[in-house]
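Below is one structure; the comments refer to it alone.
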Amino acid sequence: MIRAPLKIFSTCLLNACCRRPKTTILTAVVLFLLYLLFSHVGQIAEDHVETVEEWEARMEAERLLRLKKHVSFYVRHRQLKPLPQSWTQKELCPACFGLEMCEAVEKNEILIDIPDEQTEAARKGVYFGTWKDIPIAVKRLSSELYANEFRYFDQFICKNLTGSDDCDVSSAIVNKASFVQKKEAFDQAFLLQAWKISYSKGGPLSLPYSLCLTESLVDEFSQLYGNAEDIGPSNLTSVQRAILFTSMVVQPESLILKFMTDKQFHRISPRIHGACGRLVVVEHGGILLEHYLNQSFAERAEYALQLLGLVNMLWHTDPTWFALYKEFEFENIAVSYEKEIYLIDYEELILIQNSDMDESIEDHETFTKDRTCNEDCFQELWRNFSSGQQMSYSSRKRQCHSLHAVSSAYMYSRLCRNVLSDLGEHRRAADKGGKKYRGLLHSIPSTEEKSDVESYINSALKECVYETSNGARDTAVNNLSDILFTFMKHLA
């Protein structure tokens, strides 16, 4: 049975070679060329060097897969419902934050948990859910939390154009005669006072990001809404100008998140998916840090190390821009499924342009790089900004230089006092009448070296909160990081 197929094969091979030699040669050549071709393609694939863009795209795809896989970690509620379209108030656009997510809203792709009883998050206009199986947080910025701010803004738009407090704001804001469509709307001098539109009683600190606003920052913002190659608000369409102006003047969180994502700060902040009307959709940052206060000391020490490193990232992530996070609080910090720390509230972020800080400026009164700066120093700095009085260019630059000089000191001090330390004096200072938390570094586990380690950690935390000599806070932060890292290795 085996000999018959072999005989047939040998007969065919003999006929091909002896009776049709040209065909045989041609077939062999074609097969050889195909072999070379596929070998070359395979070699190219092996030799290909992945570009930065390809690597980032691959990492992003893998990250999204992990998010989808672990969506139950972020969204644990029983039943999710389509986001009510009435929440968007998109009929008021472009007096809004954008339209990128409106199609998803209309298709009922955004599903959220609407609790029967109002939660703390819901009171802030925040709802959790999914979009295409990706865990998200919906921030309803037009909720009662910002109802007055939007009302004042709408009145400003209408009165500026018609003289009346009431009008069709969606058409008024894109009217050629509207103030928003004029060059002055995006001048630095006007924007530094723009808090008066929606926050007349709150003062400049109502819009912290704008305290040290520069023309370069306005240009950076405009590129987020228009063509990246066209710099400046003058190159935006009337609709783009309206959305940018609304974001800068009323509630800048969506704008800040766009900026943070664009500048690679997304390693410490959730990415923004987009906006629909007066709400925004961002990635779910994770579970609030407060829920990890009962975890092992080793795990809490890891989060403390990440938080200390996060301050350094705010300073060094982008060569042009320094980000100052004004309030480190438990409710502003979350932990992702992969145990990574994220800051989730960006209303208190201040952006400072490094190149605008002239080192020749010296403040002989209070703030210099050569002096310690503690609570009185910090409070005086904020008072100078919050006065509401219009500053001259040189005065504002001096104040921003002072803020830049002490910014890392301020962030470390607030982080150590409000989040890390469990010392009574620091917990009392951090208490603002709301929830009372233990410090993240509480209950150091018992070991033979416990007393020494506890003493070293608390000593470093005290110096971090209140610096006793120039440079002592930075030394304390480095010592604290070293102690925690060493102690974690000991516990492993």
Side-chain angles (χ1 to χ4, degrees), residues 55-56 58-77 121 126 128-130 133-137 257 260-261 264-273 282-317 323 325 328-346 411-412 414-416 418-422 435 437-445 453 457 461 477-478 480-492:
W55 180 85
E56 289 180 344
R58 180 167 59 83
M59 291 295 101
E60 177 66 7
E62 292 177 4
R63 189 185 65 82
L64 289 177
L65 283 175
R66 291 196 299 273
L67 279 174
K68 292 179 180 180
K69 181 179 179 181
H70 302 295
V71 65
S72 60
F73 169 82
Y74 296 91
V75 186
R76 302 181 180 182
H77 302 292
V126 179
F128 302 108
T130 63
D133 295 325
I134 299 173
I136 60 167
L257 283 171
M260 297 290 279
T261 300
Q264 302 300 309
F265 282 103
H266 56 70
R267 290 177 293 170
I268 58 176
S269 66
R271 293 165 174 79
I272 182 170
H273 290 300
V282 301
E283 279 187 4
H284 196 311
I287 308 302
L288 289 179
L289 181 62
E290 64 183 80
H291 296 295
Y292 291 84
L293 285 173
N294 292 326
Q295 297 301 313
S296 69
F297 183 80
E299 183 172 347
R300 289 182 281 115
E302 167 60 26
Y303 298 145
L305 279 171
Q306 284 193 50
L307 284 164
L308 291 170
L310 189 145
V311 173
N312 190 58
M313 291 173 68
L314 286 168
W315 185 285
H316 294 294
T317 293
Y325 199 74
F328 281 93
E329 306 282 356
F330 275 102
E331 54 265 33
N332 296 338
I333 303 169
V335 182
S336 75
Y337 174 82
E338 296 177 318
K339 304 301 182 184
E340 294 179 338
I341 290 288
Y342 285 102
L343 298 176
I344 58 173
D345 192 334
Y346 284 86
M411 287 192 287
Y412 281 129
R414 282 295 185 270
L415 172 62
C416 290
N418 294 351
V419 179
L420 302 186
S421 176
D422 193 49
K435 282 188 178 180
Y437 302 101
R438 296 207 67 177
L440 188 62
L441 296 177
H442 69 81
S443 305
I444 299 173
V453 172
I457 289 177
L461 287 169
V477 168
N478 291 333
L480 180 59
S481 298
D482 291 341
I483 295 168
L484 292 174
F485 182 75
T486 301
F487 200 43
M488 285 172 56
K489 289 176 63 177
H490 175 76
L491 293 174

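From a predicted model like this one, the values you see are computed outputs, not experimental measurements.
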task = Taking side-chain contact (heavy atoms from CB on, under 4.5 Å) as the test, write out the residues that go with Asp422, two or more places apart.
result = Arg427, Arg438, His442
message = Suppose we screen for side chain to side chain donor-acceptor pair (under 3.5 Å). Which residues come up paired with Tyr292, at least two apart in sequence or across chains?
response = none
ask   = Can any side-chain N or O of Asn418 pair as donor or acceptor with the backbone N or O of Phe328 at less than 3.5 Å?
value = yes
ask   = For Asn478, what residues pass the side chain to side chain donor-acceptor pair (under 3.5 Å) criterion, not counting sequence neighbours?
value = none
key: Partner residues of Ala334 under the side-chain contact (heavy atoms from CB on, under 4.5 Å) criterion, sequence neighbours left out   = Ile344
query = With Phe330, which residues qualify under ring-ring contact (aromatic ring centres under 6.0 Å, His included), at least two apart?
reply = Tyr437
note = Sorted by chain and residue number, the salt bridge (Lys or Arg N to Asp or Glu O under 4.0 Å) partners of Glu290 (sequence neighbours excluded) come out as Lys435
Closest heavy-atom pair and its distance - Ser269, Tyr346 = CB-OH, 2.7 Å
key: Which residues share a salt bridge (Lys or Arg N to Asp or Glu O under 4.0 Å) with Lys339, sequence neighbours left out   = Glu299
query = Under the side chain to side chain donor-acceptor pair (under 3.5 Å) test, which residues partner Arg63, sequence neighbours left out?
reply = Glu60, Glu283
inquiry  = Between His284 and Tyr74 (side chain of the first, backbone of the second, donor and acceptor by atom type, cut-off under 3.5 Å), is there such a pair?
reply    = yes
query = Counting N and O atoms only, with roles assigned by atom type, does the side chain of Tyr325 sit under 3.5 Å from a partner on the main chain of Asp345, one being a donor and the other an acceptor?
reply = yes
key: Partners meeting side chain to side chain donor-acceptor pair (under 3.5 Å) with Glu338 (sequence neighbours left out)   = Arg66
Minimal non-hydrogen separation, Gly439 against Leu293, with atom names = O-CD2, 4.1 Å
message = If the condition is side-chain contact (heavy atoms from CB on, under 4.5 Å), which residues does Gln306 pass it with, not counting sequence neighbours?
response = Glu302, Tyr303, Glu340, Ile341
ask   = In chain order, what residues pass the ring-ring contact (aromatic ring centres under 6.0 Å, His included) check against Tyr412, with sequence neighbours excluded?
value = none
task = For Arg300, enumerate each residue passing the salt bridge (Lys or Arg N to Asp or Glu O under 4.0 Å) test, keeping only those at least two apart in sequence or located in another chain.
result = none
